[in-house]
Amino acid sequence: MDPFRPPADAWSRRDFMRNSMGSFALLCTIGGTETLGGKKIVTSASRRAKAASPFAPFQRDLPLMPVLSPVRSERGVDVYDVDIREGLADILPGFQTPIYGYEGIYPGPTIRARKGRAAIVRQSNRLSFDTNVHLHGGYVPAAHDGHPMDVIKPGAKFDYSYPNDQDAAFLWYHDHAHGRTAKTLYYGLLGAYVLHDEREQELDLPRDEYDVPLILADHAFNRDGSFRYAENVDLGFRGDTILVNGAVAPRMRVERRIYRLRFLNASNARSYDLRLGNGRAMVQIASDGGLLERAITRTSVPLHPAERIELLVDFRQFRPGSEIVLHNDAGEPSTKAVMRFDVVRGGGVEEARIPRGRMRTLERLPEPNASRRWDLTLATASGVQWQIAGRGFDPTRIDVRPRLGSTELWQWHNPSNRVHPMHLHGMLFRIVERSTGVVHPGERGWKDTIGVQPGETVTVQPWFTPYRGKYVFHCHALEHGDKAMMLQLEVVA
Ligand code: C2O
Ligand code: CU
């Protein structure tokens with residue numbers, strides 16, 4: 001018997017049986033305005049949607065995750081204490097949604113760290129099943145990386161030690177116990193980890209309340225307001241409702257200033273294509289692994305599961321009272337509105353600026369000493385399983401042993417008809433080539449996850465540094481990674 005049962009499943013079962021129509025969200029948000037022969041018609045579903053406000057966009061102010069305070073700060077290290085437990089989240093007005101959460105909240109508290117100051121995060125597992133914590137995008141020694149087989153038993157604790165010895169970047173932390181991350185992340189086990197450094201400070205980028213993590217995830221709901229999850233190993237989970245920081249397509253009041261918006265796609269398997277209303281410019285300054293060499297202007301930004309992108313938006317270009325919607329061009333009707341920025345009066349003196357020159361110089365990589373091709377395929381012989389190079393995850397097998405400090409060329413070759421956001425633990429890579437065209441300048445910085453499109457081959461150059469040891473690489477469409485699109489590498493001396 002599977003000891004793992006998300007509370008939402010258990011609590012909503014009766015309700016779910018009674019209503020085989022399924023998700024409340026599905027009933028209320030799909031439909032909307034449809035086009036018939038070029039003419040807009042309002043369906044009854046959309047009239048219901050207006051009445052059923054819990055799913056209507058822009059009803060709630062953007063929630064901000066609390067910043068975790070250290071329980072102790074010693075010389076060079078901040079110590080944090082986190083309980084991994086069940087909780088109730090206020091997601092839909094009038095409902096409480098059972099979740100699993102770091103400190104019992106969804107999304108978990110934000111950890112703000114500084115390069116050169118280590119962090120120790122003591123994670124206590126107060127759940128009834130094994131869990132662990134992976135710092136996604138972090139340079140972390142293998143024993144602290146949250147390898148899928150290194151778990152914390154119920155009632156036990158583990159001190160994760162993070163050196164924070166890498167450039168400023170928007171990282172995140174999440175559960176990684178093998179085989180059920182699709183459920184544990186869906187039910188809330190994730191949080192933001194913002195790493196700052198001095199170089200970034202010198203750039204006069206927006207700070208404090210003008211530096212905002214935005215965690216995107218799609219969900220569906222049962223009638224009682226609990227999360228609804230339905231497994232689909234091939235496609236991955238798709239919800240009909242977009243949450244940002246745990247609220248349905250919220251509105252954010254912004255002053256007429258520059259904001260640094262840090263987007264994380266924490267969805268199980270959904271990709272986004274973000275665009276500001278009126279196609280206004282956004283300035284990309286960073287990708288997964290930190291700052292780009294130069295800021296670039298974009299009007300639309302793709303974001304695959306687990307990817308991060310940092311954008312500066314100058315709201316001084318808008319009049320007070322403007323309402324600017326952030327759209328998802330890749331979505332179905334109910335998932336097109338991500339959030340809205342409501343420009344208010346005031347703002348005071350702007351101290352931040354948009355960097356015009358070089359923000360950083362990317363390290364030169366050593367010449368690659370091997371080239372490997374990884375085919376990304378679906379196997380259906382014994383149940384549906386995703387594979388890399390014809391293999392599924394086997395913790396007893398090491399699939400590749402690169403040398404510490406070396407680089408290789410890895411070709412992600414995707415003959416399947418799904419997007420695979422491929423992620424490498426504990427180190428970073430650069431994108432060398434895309435078979436479908438040029439590599440966008442926004443993808444030329446450090447990355448740890450890359451969306452590989454159907455029919456595409458993407459060549460990346462991982463740098464096997466800074467630690468020796470056993471790490472995994474896998475697809476971050478969570479249903480794919482769980483079953484069992486994941487291999488192991490061991491960095492050797
Ligand atoms: Cu966020 Cu193994 O990944
Ligand atoms: Cu995949």
Side-chain angles (χ1 to χ4, degrees), residues 102 107-108 131-140 142 144-151 160 169-186 188-193 215-217 231-238 264-271 288-289 303-308 374-379 384-389 391-393 395 412-429 447-456 458 462 470-489:
Y102 297 103
T131 183
N132 72 3
V133 184
H134 169 55
L135 181 61
H136 183 126
Y139 276 179
V140 177
H144 297 266
D145 177 64
H147 183 282
M149 306 314 286
D150 290 341
V151 294
Y160 288 93
F170 180 27
L171 314 179
W172 60 304
Y173 63 99
H174 63 75
D175 170 67
H176 217 303
H178 185 56
R180 49 189 181 220
T181 63
K183 282 184 177 165
T184 53
L185 270 72
Y186 183 75
L189 290 179
L190 61 100
Y193 190 105
I215 301 182
L216 275 45
E231 185 175 71
N232 182 332
V233 176
D234 177 8
L235 183 61
F237 173 83
R238 295 297 147 88
L264 157 63
N265 181 354
S267 305
N268 281 36
R270 174 181 293 278
S271 298
D288 306 335
L303 196 65
H304 296 289
E307 285 187 316
R308 287 88 66 211
W374 307 105
D375 288 347
L376 310 172
T377 54
L378 185 67
V384 183
Q385 200 198 46
W386 285 98
Q387 298 184 332
I388 302 175
R391 284 172 253 172
F393 182 55
W412 302 113
H413 175 65
N414 182 7
S416 80
N417 52 10
R418 304 291 177 222
V419 177
H420 300 291
M422 300 308 298
H423 168 52
L424 170 60
H425 278 216
M427 39 214 116
L428 301 170
F429 56 76
K447 295 276 294 167
D448 58 54
T449 307
I450 180 68
V452 185
Q453 298 285 347
E456 193 182 30
V458 180
K470 203 165 68 173
Y471 294 91
V472 292
F473 56 100
H474 63 91
C475 179
H476 220 290
L478 299 174
E479 288 78 5
H480 297 184
D482 284 349
K483 290 210 170 82
M485 207 172 190
M486 168 151 25
L487 297 184
Q488 280 192 115
L489 67 84

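Residue numbers count from 1 along this sequence. As the structure lists them, so they are numbered: ligands from 1, and atoms in each ligand from 1. Since the structure is predicted, the reported quantities are computational estimates derived from the model, not experimental observations.
Only protein N, O or S atoms were considered, and those under 2.8 Å from atom 2 (Cu) of ligand 1 are H176 NE2, H425 NE2, H474 NE2. Protein N/O/S atoms found under 2.8 Å from the Cu ion (ligand 2), listed by chain and residue number: H420 ND1, C475 SG, H480 ND1.
A salt bridge is defined here as a Lys NZ or Arg NE, NH1 or NH2 lying under 4.0 Å from an Asp or Glu carboxylate O, and K470 with D145 fails to meet this definition. In this structure, E231 pairs ionically with K483, as a charged nitrogen and a carboxylate oxygen lie closer than 4.0 Å.
The minimum heavy-atom distance between M422 and F429, with the atom names listed, is O-CZ, 4.1 Å.
In terms of the side-chain contact (heavy atoms from CB on, under 4.5 Å) criterion, residue partners of A389 (sequence neighbours excluded) are, by chain and number, W374, R391. Partners of A142 according to the side-chain contact (heavy atoms from CB on, under 4.5 Å) rule, which considers only residues two or more places apart in sequence or in another chain, are Y471.
Between the side chains of T449 and H136, at least one donor N or O sits under 3.5 Å from an acceptor N or O.
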Are V472 and F393 close enough, and set up right, to give a side chain to side chain contact (heavy atoms under 4.5 Å, CB included), and what steps lead you there? CA-CA 9 Å; V472 292; F393 182 55; 4.1 Å; yes

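In this structure the side chain of L171 reaches within 4.5 angstrom of the side chain of R308, judged on heavy atoms.
Tested against T184 for a side chain to side chain donor-acceptor pair (under 3.5 Å), the candidates D175, T131, N132 yield a single pass: D175.
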